[in-house]
4 protein chains.
Amino acid sequence: MQQEHRPLGRPRQDHKEKPTKNVILDVATRLFLEQGYQVVSMDDVAKKCGVTKATVYYYYKTKADLFTDAMVQMMIRIRKRIFDILSADKPLKDRLLEFAKAHLQATVDIDLKGFMKEAKTSLSKDQLQQMKEAEDKMYEVLEQALINAMEKGDIPQGHPKLGAHAFVSLLTVGNYKDSDQKPIFPSIDEMTEQIVDFYWNGLAK
Amino acid sequence: MQQEHRPLGRPRQDHKEKPTKNVILDVATRLFLEQGYQVVSMDDVAKKCGVTKATVYYYYKTKADLFTDAMVQMMIRIRKRIFDILSADKPLKDRLLEFAKAHLQATVDIDLKGFMKEAKTSLSKDQLQQMKEAEDKMYEVLEQALINAMEKGDIPQGHPKLGAHAFVSLLTVGNYKDSDQKPIFPSIDEMTEQIVDFYWNGLAK
Amino acid sequence: MQQEHRPLGRPRQDHKEKPTKNVILDVATRLFLEQGYQVVSMDDVAKKCGVTKATVYYYYKTKADLFTDAMVQMMIRIRKRIFDILSADKPLKDRLLEFAKAHLQATVDIDLKGFMKEAKTSLSKDQLQQMKEAEDKMYEVLEQALINAMEKGDIPQGHPKLGAHAFVSLLTVGNYKDSDQKPIFPSIDEMTEQIVDFYWNGLAK
Amino acid sequence: MQQEHRPLGRPRQDHKEKPTKNVILDVATRLFLEQGYQVVSMDDVAKKCGVTKATVYYYYKTKADLFTDAMVQMMIRIRKRIFDILSADKPLKDRLLEFAKAHLQATVDIDLKGFMKEAKTSLSKDQLQQMKEAEDKMYEVLEQALINAMEKGDIPQGHPKLGAHAFVSLLTVGNYKDSDQKPIFPSIDEMTEQIVDFYWNGLAK
DNA sequence: CATGAATGAGATTTCATTCAT
DNA sequence: AATGAATGAAATCTCATTCAT
């Protein structure tokens, strides 16, 4: 299924920018993120790609396959991104700030837990497992950064897994909008700073 | 439609314990929580209630209506529960511990954000608004408790709305299970304590 | 089913203007005329009457019964009306003019043929027969007026049944509106006159 | 979707006579004419075509779409037919006779007004407009024939639109059957002649 | 006389999926 | 590699009708 490597030699005259399979995956990822698993139909994906349903089925045997691949690939990309951000040579808090800002600037809010529940009845055990593992690996990157910081004494010893999950869950606060569509803080910058500060200091002094 | 009070005199021959409408609402609430809006069909609800689809439609004109009512009623119940817990005459941290424990003991994990996204395309504007408002009111109870604690000097001045949302979002960490189905902490008690501690103290000392 | 006679003695304190059965029949007649047999539901009728469906069923055993009664009663009323108009002591053409005007002023256009086709699959043979007979009797009134006029020499001998149907069918021209919603003649008066003139004189000189 | 022209070369192994879409349209047209819009279900159409409901929906997105297309195509065919008949090089009265006979020989009686009322609540504005326009164009062909005859002096000057509608409405008299199922005239030939005569001469001498 | 509750049958519509070409 | 045609199964919703009260 993977054919990432460029074909050798001169590319075809019709050098379409992206191979169809990639287009499908990208479109599907966006649609699933925006609307959820159940709501998005294979026809929706096909139409947005400018191909027919049958073409989508040519590349992905089932909708569950397409969804799983879309989500897993996305988590892999995100993990890389997190890794890059957290690898910078800066104080941990600065790196967390950058992480948070990047997350909150993304237009769509990735509600993995929601996806899991929605798809639970439709995905095979194996597919759920694949997604879980990809999710775990995302958290591990952050966890590792916390472990490193603890070893260096930048932050006190603590439970790094809790720390990692706590940080990501706090970020979801940034996407909250109340019944008047108002977020908790008016600007993304302020939001970012407040959340990271809260994470850093806790409620008590 | 509400006839909570017992009728005077001898009860009807068929003294069914709950009126059908309540049965439907309860069953629907559970199913929606467990499986999400799209996956649950009106027939699923009907069958679990031991009635026909048409009966469900007799009480709720559309699936969206049933869903909205189910979610709003549930949020109202939760809000009352939170209010009771937070009204106790105890230190704030103890009250938060009780809140957290109650939340984490509930079998189903309420992923409001996920519901909102899933239902966004199916609910009317008015219905979304109703849900949003019920959600807001849930947070306000916690927010108010934080405000009171700040006024009394139990916790330092801060942004109470952020504090409220941060707490609830941190609770979701308690429901996380990794790819081996292992939660972050083995017991609910330990989970509760660690999460509230983290909330209370933050990452840094 | 008929209980037309007033009860003797002082009427009840709550002298509701019309007995429920009449209300139902009137409302049903109007709805069926406006929308057709299939489109109108028993619930529509009930709601417009301010009663429940069960009440409608109390008076009419089936929808087909209600429809048949509504249509037959209506045709009886119309027949009376036609009879009155055609009994006047005026030249035939004047009476026809009055007939035509009365017909075209009625807000709803009675498309009996359409009703028959729509209801054909739903009505019993007997019910269709009842409607047919009521329809026939309507035409007979007009037919008789033509026979009388022929006997008196007011119009030439001819086929009176054809004459009757021709007149009624020509009246439907008055309800025609083109794709811009424009009728053939701007005012009902002109329409009436032109149609009756056409009927009277024919196409050729 | 149109592939009227025969494909070059050897025909496909399954050389079905008519493409499925045409079969559906033809069957639907007949059913709608015979029973009306509401009574005919998509399943009825599908079964008569030997396909499944889903196939019907593959070609027509909604029942209203199918109905509109069926009616409009039918009116276009009728208009062509009327045009051919009225284009013959014969006296107008003879052409009208032929027109009338053709109309009365058709097994189903096309009650456009009834269709419009029945479908009014189910069709979109655009669809109603399409039907209206097709209907208008049918009348225009007849209207034009009358205009030409007036210019040539074959018939006296008059209101051609009225003349066109009057003629078509008079034709409906030919389909009338009384409560004993007897038409006004025993044979189609006599019916035709009497109706056209009536149209031509009017009631008065 | 009137109603609220309930239902069975059926309508429209959607959609993941297959298959021959 | 891609498609058009077709389908089975299921989902949402409607409605005439019944019945106990």
Side-chain angles (χ1 to χ4, degrees), chain A residues 19-21 24 38-46 49-67 122, chain B residues 1 3 12-14 16 19-21 24 38-46 49-66 122, chain C residues 19-21 38-46 49-67 122, chain D residues 1 3 12-14 16 19-21 38-46 49-66 122:
Chain A
T20 307
K21 187 173 179 177
I24 292 171
Q38 303 289 345
V39 170
V40 175
S41 76
M42 291 299 260
D43 219 22
D44 290 340
V45 175
C49 294
V51 298
T52 62
K53 246 189 307 192
T55 303
V56 178
Y57 274 94
Y58 179 79
Y59 290 103
Y60 291 94
K61 234 172 44 186
T62 66
K63 186 185 176 186
D65 280 348
L66 174 56
F67 178 72
S122 307
Chain B
M1 290 241 190
Q3 34 182 204
R12 303 282 179 198
Q13 84 256 25
D14 180 4
K16 53 174 64 164
T20 307
K21 188 174 180 177
I24 291 172
Q38 304 287 347
V39 170
V40 175
S41 78
M42 291 300 257
D43 219 18
D44 291 343
V45 175
C49 294
V51 298
T52 63
K53 250 184 308 186
T55 301
V56 179
Y57 277 96
Y58 177 76
Y59 290 102
Y60 291 95
K61 240 172 38 188
T62 65
K63 188 185 174 186
D65 278 349
L66 174 57
S122 307
Chain C
T20 309
K21 187 174 179 177
Q38 303 288 345
V39 170
V40 174
S41 77
M42 291 299 260
D43 220 22
D44 291 341
V45 174
C49 293
V51 298
T52 62
K53 247 190 305 193
T55 303
V56 178
Y57 275 95
Y58 179 79
Y59 289 103
Y60 291 95
K61 234 171 45 185
T62 67
K63 187 185 176 187
D65 279 349
L66 174 56
F67 179 71
S122 307
Chain D
M1 288 240 191
Q3 32 182 207
R12 304 281 178 197
Q13 84 255 26
D14 180 3
K16 53 173 65 164
T20 307
K21 189 175 179 177
Q38 304 287 346
V39 170
V40 175
S41 79
M42 291 300 259
D43 217 18
D44 291 342
V45 175
C49 294
V51 298
T52 63
K53 253 183 307 186
T55 302
V56 178
Y57 276 96
Y58 178 75
Y59 290 102
Y60 291 94
K61 238 172 39 185
T62 65
K63 187 185 174 186
D65 279 349
L66 174 56
S122 306

Asks: Measure OH/Y60(D) against C1'/dT12(E) and give the value in whole Å, please.
Replies: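 Roughly 17 Å, once rounded to whole Å.
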
Asks: Checking contacts here: which listed nucleotide (dA1(F), dA2(E), dT17(E)) is nearest the side-chain heavy atoms of T62(A)?
Replies: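 Shortest atom-to-atom distance from the side chain points to dT17(E).
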
Asks: Can you tell if the side chain of S41(A) reaches within under 4.5 Å of the side chain of V45(A), non-hydrogen atoms only?
Replies: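 Of all side-chain heavy-atom pairs linking V45(A) with S41(A), none is under 4.5 Å.
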
Asks: Backbone N or O of V40(D) within a donor-acceptor pair of the K63(D) side chain at under 3.5 Å?
Replies: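 Yes, K63(D) side chain to V40(D) backbone: donor-acceptor pair under 3.5 Å.
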
Asks: Judged by atom type as modelled, is there a donor-acceptor pair below 3.5 Å linking the side chain of K53(B) to the main-chain atoms of D44(B)?
Replies: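 Absent.
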
Asks: Roughly how far, to the nearest 0.5 Å, is NZ of K21(D) from OG1 of T55(D)?
Replies: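 Reported to 0.5 Å precision, the distance equals 14.0 Å.
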
Asks: Return the CD1 to OH distance between I24(B) and Y58(B), rounded to the nearest 0.5 Å.
Replies: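 Reported value, rounded in 0.5 Å steps: 11.0 Å.
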
Asks: Just N and O in the side chain of T20(B): are any of them under 4.0 Å from OP1 or OP2 of dA5(E)?
Replies: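 No, T20(B) has no side-chain N/O under 4.0 Å of OP1/OP2 on dA5(E).
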
Asks: Given Watson-Crick or G-U pairs with both distances under 3.5 Å, what dot-bracket string fits DNA chain F, with | for other-strand pairs and [ ] for crossing?
Replies: .||||||||||||||||||||

Asks: Distance check, rounded to the nearest 0.5 Å: F67(A) atom CZ versus M42(A) atom CE?
Replies: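 Taking CZ in F67(A) and CE in M42(A), the distance rounds to 12.5 Å.
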
Asks: Please list each protein N or O that sits under 3.5 Å from an N or O in nucleotides 8-11 of chain F, with the distance.
Replies:
none

Asks: Expressed as a whole number of angstroms, how long is the span from Y57(D):OH to dA11(E):P?
Replies: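 Rounding to the nearest Å, OH of Y57(D) and P of dA11(E) are 11 Å apart.
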
Asks: Within the pair Y59(B) and dA6(E), is there a side-chain N or O less than 4.0 Å away from OP1 or OP2?
Replies: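 For dA6(E), OP1 or OP2 has a side-chain N or O of Y59(B) closer than 4.0 Å.
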
Asks: Roughly how many Å is it from CZ in F67(A) to C1' in dA16(E), rounded to a whole number?
Replies: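 From F67(A) CZ to dA16(E) C1': 16 Å.
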
Asks: What are the two closest non-hydrogen atoms of S122(B) and A64(B), and how far apart are they?
Replies: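 That would be O-CB, 3.9 Å.
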
Asks: Return the NZ to CG distance between K61(A) and L66(A), rounded to the nearest 0.5 Å.
Replies: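 It comes to 14.0 Å.
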
Asks: Take the protein atom OH of Y58(B) and the nucleotide atom P of dT3(E), then report the distance between them rounded to whole Å.
Replies: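 Rounding to the nearest Å, OH of Y58(B) and P of dT3(E) are 12 Å apart.
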
Asks: Roughly how far, to the nearest 0.5 Å, is the OH atom of Y59(D) from the OG1 atom of T20(D)?
Replies: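 Spacing of OG1 (T20(D)) from OH (Y59(D)) equals 4.5 Å.
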
Asks: Specify the residue among V51(B) and K61(D) whose closest nucleotide of DNA chain E lies further upstream toward the 5′ end.
Replies: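 First, find each residue's nearest nucleotide; the 5'-ward one identifies V51(B).
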
